[in-house]
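Input: a single structure, listed below in structure tokens.
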Amino acid sequence: MPPAALWRSLRAHQVYGANTDVGKTIVSTLLCNALQGSVGFIKPVSTGPLDEADDRHIQRYAPHTLTKCLFQFDEPVSPHIAAAQKSVPPPSDTALLTAIHETLTTWAQPSPQEQARKHALLETAGGVHSPGPNGTSQADLYRPLRLPVILIADARLGGISASISAYESLVLRGYDVHAVLLFKDDYYQNHAYLRSFFAKKAIPLVAVPAPPARVAAPEEDGEAMSAYYARARREGVLGGVVEQLEEMHVRRWERLDAMAEKAERVIWYPFTQHLGLKAGDITVVDSACGDFFQSRSSRKDGDGDTAGLRATFDGSASWWTQGLGHGNPDLALSAAYAAGRYGHVMFPGNIHEPALALAETLLESQANPRLQRVFYTDNGSTGMEVAVKMGLRAACARYGWDAGRETVRILGLKGSYHGDTIGVMDCSEPSTFNKKVEWYRGRGFWFDFPQVRMKDGVWRVAMPQETALAEEMDELRFGELTDVFDLEARLDSEAGRRYREYIRRTIERLVQEEGVKFGALIMEPVILGAGGMLFCDPLFQRCLADVVRQTPELFAPQTTPAGENDWSGLPIIFDEVFTGLYRLGRRSAASFLQVHPDIAVNAKLLTGGLVPLCTTLASEAIFQAFLSPDKSDALLHGHSYTAHAVGCQVAVDSLRTMMRMEREGSWQGFQRDWAVAAAAPAAAAPAGPLTWSVWSHGLVRDLSQAASVEGVFALGTVLSIALHDQHGTGGYTSTAAQGLQHRLAAGGDQFAVHSRVLGNVLYLMSSVTSKAESLRAIEEVLRGALL
């Protein structure tokens with residue numbers, strides 16, 4: 001997990017070079033001398049002879065400096081080559097970051113026997129993108145620390161370009177560049193040009209005197225360098241830089257200290273009751289990297305002051321959006337490319353490569369022969385708004401209904417949630433989310449449904465209370481989750497027969513006896529997210545889709561679909577805003593049900609967690625319902641940033657990355673864990689396709705046996721834990737999960753866990769790029785909190 005690196009007591013900076021041989025160590029020595037007081041110098045990776053090592057240079061010419069070289073390689077070559085020549089494996093990127101963080105922590109918070117350091121410099125090797133021991137670009141390798149940067153620019157011919165490129169590479173990754181230093185060269189005068197360039201960025205640039213030319217005789221060379229450093233100290237060459245660095249450190253802390261209180265005064269948060277909200281309830285996020293926030297810690301150090309930043313696992317995947325990790329440099333580059341190429345161009349009547357490429361990639365990836373058209377919106381709610389317009393128009397056109405004179409409703413599931421725009425709000429039953437909204441009407445019928453959870457090591461399908469199913473059927477039990485999804489075997493089971501009959505009877509009563517007109521079937525496949533992470537028995541959803549399609553006479557006089565991929569009965573809309581695009585471990589959640597919807601909506605993971613974008617995919621038959629000589633019959637929906645090029649380009653690259661991960665078997669370790677459990681001797685081998693999760697099978701089994709746990713499930717990146725509510729309130733307003741949420745937020749020594757609760761349900765979610773070792777560490781925190 002990425003360590004957070006900020007302490008009030010320690011001014012730590014990372015020294016990057018715009019290129020190799022630009023004098024990083026000489027400038028670091030000048031800085032160490034200018035800082036005087038207690039300063040530490042870290043060289044994470046050094047290559048070449050020991051007597052020429054950079055930390056030895058610091059020891060000689062800035063003797064008051066505490067130096068530390070973490071990993072030394074003898075060969076004077078790039079670290080990744082030097083490491084490969086060793087007989088032992090190189091230190092992992094995580095091990096290198098951990099060693100740096102431990103050293104800085106020791107300097108910031110020393111034991112009574114040690115001396116605290118006020119300043120620290122961490123010097124990289126070569127240029128910004130020079131590789132580390134494992135081949136990772138240094139700009140990416142050290143990004144989890146996100147130390148403020150002192151950039152050593154290149155004073156040589158070509159140095160202007162190299163320096164600006166290095167700066168932009170750092171900014172692209174979210175680094176703060178606090179100062180730019182370089183040697184003064186009166187011939188090339190790079191310092192003059194770069195001073196003007198960086199002044200526009202409000203970044204100070206200081207040109208320092210060039211060191212003396214190196215001479216062959218070591219003693220003479222040493223005397224010349226000593227004189228150079230002594231002169232620089234006398235003249236106070238970097239005194240102004242030191243003052244500016246101190247000021248920036250103070251300002252950063254002042255902002256961090258004030259942010260929560262200022263936010264409490266001026267921010268109106270979504271889904272938040274502000275009565276009683278205090279500044280202390282607000283998490284201040286300084287940055288984010290991978291699966292973790294770097295958040296302001298509330299822990300106190302020995303002086304009673306805030307110790308620094310803390311790594312906090314983003315347990316909600318930032319409201320389900322994170323797919324490829326925070327601060328992903330590839331996605332940042334995609335966004336920058338599209339912004340530089342297009343900015344934003346209006347979409348109607350135009351086409352640009354990112355929008356076309358995304359549409360083609362999506363249609364191909366869904367493997368759904370019905371879907372032929374892509375409509376762009378900005379988020380899941382508006383994407384579903386469009387889907388409802390599509391479905392209702394198609395149904396009304398086919399059945400000759402006038403929705404302006406008669407109410408056309410939707411068919412759905414209890415606990416569903418499709419967004420907060422007025423139209424889709426009406427597609428959900430009355431709930432905490434909508435019933436106090438003045439325009440809400442709730443136009444639909446919502447089936448209560450059987451739910452899946454593991455309890456006491458057994459997968460159970462509980463029938464919905466106060467329904468005919470509960471009267472007719474007992475709880476279903478399965479040895480493995482894969483068996484729950486074995487629809488080929490289950491369709492012809494007694495449960496399948498009873499589900500279909502129950503659904504058919506209910507629709508028949510509503511339409512024929514009560515005169516209800518339905519215009520679309522809307523479902524969140526498999527898991528209903530905002531309703532409380534409700535895991536619907538996939539067999540029930542499959543049967544609902546089958547009844548709608550196979551008995552169209554339930555909804556209107558018999559009509560014949562125009563073709564094989566035309567809709568029948570009702571247009572079927574799948575809301576995959578949350579569940580789609582690998583969130584549940586598969587490219588499409590529809591594949592779990594083996595149903596091809598007529599309309600499908602994707603958002604959340606569409607852009608890997610970087611920018612908002614949504615797509616509504618529709619069949620050609622749905623599209624045809626809007627064709628007319630009259631423009632008023634068109635789908636008159638859109639917004640100014642429809643199909644914005646930045647989002648489309650990021651989505652293309654995000655999707656291609658996730659599909660490549662699938663092809664290359666990036667999740668095989670997780671899949672193997674669940675496959676081994678499914679094939680254990682105590683259980684029969686599963687018949688259906690394997691279902692799996694990044695959360696370990698053993699964790700789910702163990703948590704299911706906790707006395708406080710009502711039920712648990714894991715699928716793909718999602719883990720859901722329902723806790724017993726002693727007050728029996730249940731639902732979204734329950735407070736049963738808040739205790740667990742607070743325990744996770746308290747965390748341990750190394751990290752905390754930021755989570756969201758839905759009533760008595762606490763859920764955790766990872767990215768598709770999450771590492772097993774990080775997830776297992778979080779699982780241990782969960783075990784400690786519940787077992």
Side-chain angles (χ1 to χ4, degrees), residues 316-317 320 412-417 446-465 467 469-470 473 475-487 490 495 499 523-545 574-580 582-586 588-595 674 686 688-695 697 699-701 703-704 709-724 730-732 734 737 756-766:
S316 71
W320 318 343
L413 299 177
K414 280 184 174 292
S416 59
Y417 169 88
W446 301 276
F447 279 99
D448 207 347
F449 54 86
Q451 292 189 41
V452 183
R453 283 176 182 167
M454 178 183 273
K455 180 59 182 171
D456 296 328
V458 177
W459 289 99
R460 304 164 186 258
V461 179
M463 298 302 122
Q465 297 179 1
T467 66
L469 289 178
M473 299 176 62
E475 177 183 82
L476 305 177
R477 299 192 175 196
F478 298 87
E480 290 301 330
L481 185 57
T482 295
D483 299 326
V484 177
F485 283 100
D486 185 9
L487 298 189
R490 295 188 64 202
Y499 285 173
M523 291 192 290
E524 297 168 76
V526 185
I527 297 176
L528 285 68
M533 291 297 160
L534 308 176
F535 187 170
C536 181
D537 184 356
L539 178 63
F540 185 85
Q541 289 190 318
R542 169 62 183 273
C543 289
L544 180 52
F574 274 9
D575 177 351
E576 293 204 33
V577 169
F578 162 50
T579 59
Y582 299 100
R583 177 55 70 200
L584 303 185
R586 295 189 186 179
S588 168
S591 66
F592 286 103
L593 309 182
Q594 300 171 27
V595 172
W674 284 74
L690 178 69
T691 51
W692 59 279
S693 175
V694 301
W695 304 97
H697 186 278
L699 173 77
V700 177
R701 181 195 59 236
L703 293 185
S704 78
V709 172
E710 186 178 274
V712 60
F713 73 81
L715 187 62
T717 66
V718 181
L719 172 68
S720 173
I721 306 166
L723 299 174
H724 288 293
Y732 187 76
S734 170
R756 300 283 296 181
V757 297
L758 295 164
N760 67 317
V761 174
L762 181 139
Y763 66 88
L764 293 179
M765 209 171 298
S766 76

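Since we're looking at a predicted model, the values are computed, not measured. One is the number of the first residue; the rest follow in order along the sequence.
For the residue pair E576 and S588, a side-chain donor N or O sits within less than 3.5 Å of a side-chain acceptor on the partner.
F478 has its side chain out of reach of F485: every pair of non-hydrogen atoms, C-beta onward, lies at least 4.5 Å apart. Taking 4.5 Å as the limit, every side-chain heavy atom of V694 sits out of range of all side-chain heavy atoms of L719. Side chains of L476 and R490 form a contact here, defined as non-hydrogen atoms less than 4.5 Å apart. In this structure the side chain of V709 reaches within 4.5 angstrom of the side chain of L723, judged on heavy atoms. Inter-residue side-chain proximity for L584 and T691 is flagged as unmet; no heavy-atom pair is nearer than 4.5 Å. Here the side chains of F540 and L469 are in contact, with some heavy-atom distance below 4.5 Å.
In this structure, CZ in R477 is found 15.0 Å from CG in D483, a value given to the nearest 0.5 Å. For the atom pair CZ of F574 and CE of M523, the computed distance is 4.0 Å after rounding to the nearest 0.5 Å. The CZ atom of R756 sits 11.0 Å away from the CE atom of M533 when rounded to the nearest 0.5 Å. How far CG of L481 is from NE2 of H697: 8.0 Å, rounded to the nearest 0.5 Å. The distance from atom CD of E524 to atom CG of L534, rounded to the nearest 0.5 Å, is 8.5 Å. L539 CG to F592 CZ: the interatomic distance, rounded to the nearest 0.5 Å, is 15.0 Å.
Minimum heavy-atom separation, G759 to A737: O-CB, 3.5 Å. The two residues A470 and M463 have their closest heavy-atom pair at CA-CB, 3.8 Å. Taking both residues in full, the closest heavy atoms of G457 and S704 are given as N-OG, 2.9 Å, listed atom of the first, atom of the second, then distance. W692 and G585 get closest at one heavy-atom pair: CZ2-O, 3.6 Å. When all heavy atoms are compared, the tightest approach of S693 to G716 is OG-O, 2.9 Å. Shortest non-hydrogen contact noted between A530 and L758 is O-CD2, 3.7 Å.
For the pair R583 and F578, the NZ or CZ position fails the cation-pi test of under 6.0 Å to the six-membered ring centre and within 45 degrees of the ring normal.
Note on ring orientation: taking the six-membered ring where Trp is involved, the planes of W459 and W674 are tilted (angle from 30° to 60°).
Only one option out of K455, R460, R453 pairs with E710 in a salt bridge (Lys or Arg N to Asp or Glu O under 4.0 Å); it is R453.
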Evaluate the criterion side chain to side chain contact (heavy atoms under 4.5 Å, CB included) for residue pair T579 and V526; output intermediate values, then yes/no.
-> CA-CA 8 Å; T579 59; V526 185; 5.6 Å; no

Trace of the side chain to side chain contact (heavy atoms under 4.5 Å, CB included) decision for M454 with F713 | CA-CA 6 Å; M454 178 183 273; F713 73 81; 5.9 Å; no

Evaluate the side chain to side chain contact (heavy atoms under 4.5 Å, CB included) criterion for residues L413 and F447: first the C-alpha distance (whole Å), next the side-chain angles of each, then the deciding distance (0.1 Å), finally the verdict.
-> CA-CA 5 Å; L413 299 177; F447 279 99; 4.0 Å; yes

Trace of the side chain to side chain contact (heavy atoms under 4.5 Å, CB included) decision for F535 with S720 | CA-CA 9 Å; F535 187 170; S720 173; over 6 Å; no

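For R542 (side chain) and L593 (main-chain N/O), a donor-acceptor pair under 3.5 Å exists by modelled atom type. Remark: side-chain polar atoms of N760 are not paired, donor with acceptor, to backbone N or O of A722 under 3.5 angstrom. Without hydrogens or angle criteria, W695 side chain to T717 main chain gives a donor-acceptor distance under 3.5 Å.
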